[in-house]
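As structure tokens, the structure follows; a few thoughts come after it.
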Amino acid sequence: MKQFTSVQDVANLQELVNEALQLKQNPYKHKQLGENKTLGLIFLNPSLRTRLSTQKAAINLGMNVMVMNLDKEGWALETQEGAIMNGTTVEHIKEAAAVMGQYCDILGIRSFPKLQNREEDYSEELLQQFIKYSKIPVVSLESATRHPLQSLADLITITENKTAGKKPKVVLTWAPHIKPIPQCVANSFAEWMRKADVELVITHPEGYELSDEFTAGATVTTNQQEALEDADFVYVKNWSSYNDYGQVLTEGEGWMLTEEKLQRSNNAKVMHCLPVRRNVELSDEILDGSNSLVLEQANNRTFAAQAVLKRMLESLDQA
Ligand code: AN0
Ligand code: CP
């Protein structure tokens, strides 16, 4: 595996999930694989889970890890081709990424969308430039449009918790939030679930349609209660508008998931990628209840990252 930026980078989802589940059983089995190999983690935005779980995954594989909070600790980065750098930017991504590519064997990068210009965000320019100029394998730690390590951990969690022999009904439901939030987690979850063996239903208020690129083939409805009927898994997430780009269109009154709303589900398990704003996105009763999978999802982030890093290390060895 040369890069991990979307579901397109995975030929067989089930094989990768199985590999992650094996690593979960035996995390230190491949401790030699990463010997003398360095993972560089670059953050342009905050993180708790991605940062620590990816670090832990690399350590389990015997790698060294270097973490850089590029937005705070690095030189202000220029990304425009041909820029005359007489303003606030100090270093061009061409040099910055190339230098990090020399110090590391694999790079991870987190770079959220700015939510101001849709074409710019959806072009994934920063991620693509890191891939181009670092010349080494790159893992997305959440880019402008996707969060594939989260989606892999979510698929692992669903695989562990589903009823054998039954295709699960998985509902992605929009939740309220007080700030404009990226579409990444929702986009990514939708594109992974469409490739997985599940029935996917997406529900959100009018105006929150995600790009077809991620949702084509899924059932989409603005009727949350109808969507929740017979659900086996309910994935809760806020996102800002894609059509009215980056805008918060409604306070979303009535959209917060509660126990009462789940009564007509199939005793659904509830998922959220975290961080979660309690009693805004999800009620205390659900988060503290026995059907919540949020901590299992967070735990599986380690094994998702470990499966991906293992594949990348194996392809380095073949190079
Ligand atoms: C980010 C998002 O939804 O993309 C990161 C989640 C993993 N969340 C927030 O900005 C609150
Ligand atoms: N779920 C997730 O990616 O969390 P962090 O933003 O804390 O990394």
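Fair warning: this is a prediction, and the values are worked out from it, not measured in the lab. In listed order, ligands and their atoms are each counted from 1.
- Gln128 pairs by the side-chain contact (heavy atoms from CB on, under 4.5 Å) definition with Glu124, Ile131, not counting sequence neighbours.
- The closest side-chain heavy-atom distance from Arg278 to Leu287 is below 4.5 Å.
- When only modelled atom types and interatomic distance are considered, Lys261 and Gln225 share no side-chain donor-acceptor pair under 3.5 Å.
- For ligand 2, the atoms lying closer than 4.0 Å to a non-hydrogen atom of Arg301 are 1 (N), 2 (C), 3 (O).
- For the pair Arg118 and Tyr242, the cation sits on the ring face: its NZ or CZ lies under 6.0 Å from the ring centre, inside 45° of the axis.
- Counting the atoms of ligand 2 from 1 in the order shown, those under 4.0 Å from a heavy atom of His147 are 2 (C), 3 (O).
- Listed by number with element, the atoms of ligand 2 under 4.0 angstrom from any heavy atom of Leu274 are 1 (N), 2 (C), 4 (O).
- Around the NZ atom of Lys56, the shell of radius 6.0 Å holds no more than 12 heavy atoms that belong to other residues, nucleotides or ligands.
- Checked against the 6.0 Å centroid threshold, Phe112 and Phe43 do not count as a close aromatic pair.
- No side-chain donor-acceptor contact under 3.5 Å links Thr50 and Glu142.
- Residue Glu142 has no N or O atom closer than 3.5 Å to an N or O atom of ligand 2.
- A 6.0 Å sphere centred on CD of Glu285 holds more than 12 heavy atoms belonging to other residues, nucleotides or ligands.
- Residue-to-ligand polar distances place Cys273 within reach of ligand 2: an N/O pair is separated by less than 3.5 Å.
- Closest protein heavy atom to atom 4 (O) of ligand 2: Arg49 NE, 2.8 Å.
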Tabulating one pair per line, provide the atom names and distances (0.1 Å) for every N/O atom of ligand 1 that is less than 3.5 Å from a protein N/O atom.
from	atom 1	to	atom 2	distance (Å)
ligand 1	3 (O)	Lys237	NZ	2.8
ligand 1	4 (O)	Glu142	OE2	2.5

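- With contacts defined as side-chain heavy-atom distances shorter than 4.5 Å, the pair Leu172/Lys237 qualifies.
- At a heavy-atom distance under 4.0 Å, only side-chain atoms of Gln150, from C-beta outward, approach ligand 2.
- By the criterion of a heavy-atom distance under 4.0 Å, the side chain of Arg110, and not its backbone, is placed next to ligand 2.
- For ligand 2, the atoms lying closer than 4.0 Å to a non-hydrogen atom of Leu48 are 5 (P), 7 (O), 8 (O).
- With a heavy-atom cut-off of 4.0 Å, Leu141 does not touch ligand 2 at all.
- Put simply, CD1 on Ile84 and OG1 on Thr89 are 11.0 Å apart, with the number rounded to the nearest 0.5 Å.
- Ser111 and Leu44 make their closest contact through CB-CD1, 3.8 Å (heavy atoms, listed as atom of the first residue, atom of the second, distance).
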